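Below is one structure, written out as structure tokens, with a few remarks after it.
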Amino acid sequence: MKKRVRTFKSAIWLCVAVMLVLAGCSAGGGSSNNGAAAPSNEASNGGAAANAGTASENAGGEGGTMPKIEKPRVAFVYIGPPGDGGWTYEHDKGRQYMEEQTGLKADTVENVPESADAERIITELAQNHDIVFTTSFGYMDYTLNVAKKFPKVIFEHTAGYKTNDNMSTFFGKNFEASYLSGIAAGKLTKNNQIGYVGAFPIPEVIYNINAFALGAQSVNPDAKVSVVWSNTWFDPTTERQAAVSLLDKGADVLMAYQDSPATIQAAAERGAFAGGNDSDMSRFAPDTYMTNPVWNWGPYYTMVVKSVMEGTWKSQQYMGSMQDGMVGLAPLGAKVPDDVKALVEEQHKKAMEGTLDVFQGPISDQSGAAKVEAGKSLTMEEILNMNWFVKGVEGTIPN
Amino acid sequence: MDFITLLLAAAIASGTPLLIATLGGILSERAGIIQLGTEGIMLMGAVSACLVYIRSGSLWAALAAVVLVSAALGLVHAFMTVTLRANHIVSGLAMTLFGAGLSAYLGKPVAGQPLPGAFPRLELAFLDGVPFLGPIFGRLDWFTWISFALALGLHLLIHRTSWGLHLRAMGDNPATADVMGIPVQAARYAYVVGGAVLIGLAGANMLLVYSPTWNEGMTAGRGWIAVALIIFARWNPLRALLCAYFFGALDSIGFRIQLEGSLIPSYFLKMIPYVVTILVLMYLGWRGRGKPSGSPESLGLPYIREQRL
């Protein structure tokens with residue numbers, strides 16, 4: 001009998017081990033792509049080692065430009081799944097566009113958390129790639145750390161402010177499109193209460209909320225914008241709770257600076273107009289979709305990869321705009337009245353001409369103190385470091 | 001007043017998956033089998049509901065798939081714990097890891113996609129304008145109504161029927177139950193599988209009703225809260241109802257406090273449900289020193305007829 005028990009036990013441990021291995025294989029959802037990321041073309045481990053070797057020899061003493069690479073191996077790091085319908089979806093569309101234009105094939109790793117895991121994954125990618133795009137604000141320091149270790153590899157980081165000889169940062173003036181969305185929201189609200197689900201209290205989100213509020217106030221001076229922080233970029237369940245709490249408090253138009261359409265879905269259930277971010281999200285709520293800023297990364301990705309192929313790549317801080325097409329405005333929802341559409345269109349034209357100045361004085365902060373005097377405007381640097389809310393925004397920015 | 005009503009409505013919405021998962025756990029643990037696979041089974045339930053619903057467009061097919069998948073997982077857990085007499089905790093943890101990993105893998109093609117339709121609601125027109133009840137019960141979905149019935153039904157089953165008596169006997173003293181003529185092994189299989197089906201449906205509830213888009217790890221620890229709720233509820237389905245809504249309220253109170261203009265950083269507000277779980281467990285442990293916890297006495301112990309362990 002005892003022996004039987006023992007065989008039972010080993011059978012159990014075998015089962016557990018098999019399950020753990022299975023779970024391990026799939027738990028790394030993202031890293032399974034990573035496995036496939038082993039370069040399928042000419043480069044093998046040897047190639048990577050050679051690359052690292054020359055890198056250490058040439059470390060330092062390099063100017064801004066990087067040597068020409070005829071067939072660069074490209075990798076993308078995503079914060080969410082490409083199916084999120086928003087942020088990562090647009091980056092993935094940009095990648096596909098770049099692949100079509102250059103004939104290259106890029107590797108992708110999705111669902112990479114903004115933690116030490118990111119640094120590990122970026123390091124792994126740097127070992128056998130020439131260009132690594134890290135597409136979320138929170139990857140900034142990790143990207144920089146890895147960039148310093150791999151001076152031969154080019155890094156392109158989204159939405160940050162730190163650069164290196166081999167690391168650029170790129171983003172776009174999406175606040176112009178937030179301003180335009182604000183105009184629609186200011187007109188659509190009936191009780192002047194607009195709700196805003198913000199991801200994190202960082203400048204990128206803050207200046208978009210401010211631009212949105214200024215847009216709303218430009219057509220409706222009484223419009224108030226209540227802000228809740230979800231403290232996540234992508235968590236539909238949490239985003240939804242935040243949206244519902246805003247609706248419960250009385251908001252009748254919602255906006256979300258989040259990667260998922262959860263807010264739009266929650267608003268639709270109560271017949272409230274809403275906009276999201278990053279991508280045209282009308283398919284998630286055909287009847288109550290308002291509009292929101294959208295990204296178009298493809299041309300920029302193509303430009304970067306081509307400049308590497310031609311040997312003209314330089315480290316830079318790239319700021320796209322509605323003019324150059326990196327930022328756009330999603331078509332206004334089917335149920336948005338025509339007069340509202342006309343108002344938005346009027347300012348949209350100005351933005352396309354490059355004459356829309358969103359942060360133009362006079363602007364005062366929440367306490368009413370003047371922040372921007374009449375006749376003046378905020379500089380790009382001031383906008384990118386914004387840590388205060390304009391008057392009419394209700395919410396707090398934690399220190 | 002409005003604040004309370006709306007908070008209760010939100011508490012029911014976010015408490016329902018907790019409630020169903022807790023009921024599933026109670027069913028299994030009343031029979032003496034610890035169920036720690038909750039998180040993994042919930043995720044598998046959610047992902048199978050999503051895959052089938054998006055592909056077929058049929059809610060019934062989706063629910064049937066959830067039942068099948070979670071029953072299969074329950075069967076594996078039952079085989080491990082009842083037949084192989086594996087450590088319940090290890091088997092449950094393996095189930096959680098397995099479910100989390102496999103669901104992330106299977107869910108890749110549908111991650112972030114909207115569902116073809118919302119879960120049908122029961123519109124109670126006569127409640128319109130009734131102050132408290134209207135906003136809470138006026139437009140609830142069927143799933144939530146069924147969860148009320150489930151809690152009540154399981155309570156009656158466990159405490160008012162001879163089946164329940166046998167179930168409790170099996171959890172407290174399987175040898176005695178065996179002598180009474182209850183087929184302990186077979187019945188344990190049935191209850192573990194039944195419990196797993198409920199847990200899978202809890203995951204489906206999260207996906208179909210609460211947050212209609214699949215994403216990796218969408219239960220975000222709710223399975224573990226459900227495990228703790230079994231203890232808070234002292235293995236009693238009706239108490240589980242109260243505990244689940246209490247935690248549902250905690251889950252959604254953070255944003256509401258933020259909106260009231262509180263100065264507490266939002267990061268702390270987000271920790272509320274988890275911190276309270278720990279505090280309540282500590283309090284119950286301290287208060288219950290030396291008293292019976294309400295736990296089935298043979299919980300976690302394997303049983304083989306005529307064998308001493």
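The chains referred to below are lettered A, B, ... by the order of the sequence lines, with proteins before strands, and numbering in each begins at 1. Quick caveat: nothing in here was measured; it's all calculated off a predicted structure. Heavy atoms only: backbone and side chains are in, while hydrogens, waters and symmetry mates are out.
- If you take CD1 on I257(B) and OG on S245(A), they are separated by 11.0 Å, rounding to the nearest 0.5 Å.
- Residue pairs meeting the salt bridge (Lys or Arg N to Asp or Glu O under 4.0 Å) criterion with at least one member in residues 253-277 of chain B, sequence neighbours excluded, are D248(A)-R256(B).
- If you check the side chains of S14(B) and Q241(A), you find no donor sitting under 3.5 Å from an acceptor.
- Contacts of T88(A) with chain B are absent, with no heavy-atom separation under 4.5 Å from either backbone or side chain.
- Using a 4.5 Å cut-off between heavy atoms, I397(A) makes no contact with chain B at all.
- Contacts with chain A (heavy atom to heavy atom, under 4.5 Å) involve these residues of residues 199-212 of chain B, listed by number: M206(B), V209(B), Y210(B), S211(B), P212(B).
- More than 12 heavy atoms of other residues, nucleotides or ligands shown are found within 6.0 angstrom of CH2 on W145(B).
- Counting non-hydrogen atoms of neighbouring residues, nucleotides and ligands closer than 6.0 angstrom, the CZ atom of F268(B) reaches no more than 12 such neighbours.
- A salt bridge does not link E269(A) to R139(B): none of the charged nitrogens lies less than 4.0 Å from a carboxylate oxygen.
- For a residue to count as touching a neighbouring chain, one of its non-hydrogen atoms must lie under 4.5 Å from one of that chain's; by this rule P236(A) touches chain B with backbone and side chain alike.
- Ranked by heavy-atom pairs under 4.5 Å with chain A, the first of P114(B), G254(B), S252(B) is P114(B).
- Distance check: M218(B) CE to D235(A) CG gives 9.0 Å after rounding to the nearest 0.5 Å.
- From Q265(A), atom CD reaches atom CG of L115(B) across 7.5 Å, with rounding to the nearest 0.5 Å.
- Between chain B and the options S230(A), S260(A), P398(A), the largest number of non-hydrogen pairs under 4.5 Å is found for S230(A).
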**Asked** Are V244(A) and F255(B) close enough, and set up right, to give a side-chain contact (heavy atoms from CB on, under 4.5 Å), and what steps lead you there?
**Response** CA-CA 9 Å; V244(A) 168; F255(B) 292 120; over 6 Å; no

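- Counting only heavy atoms from C-beta outward, the side chains of S226(A) and L259(B) approach each other to under 4.5 Å.
- Side-chain contact check for P201(A) versus Y267(B): some heavy-atom pair is nearer than 4.5 Å.
- For the pair T237(A)/R222(B), a side-chain contact is recorded, criterion being any heavy-atom separation below 4.5 Å from C-beta on.
- Per-residue counts of heavy-atom pairs under 4.5 Å with chain B were compared for R240(A), R283(A), E394(A); the largest is that of R240(A).
- Both the backbone and the side chain of A242(A) come within less than 4.5 Å of a heavy atom of chain B.
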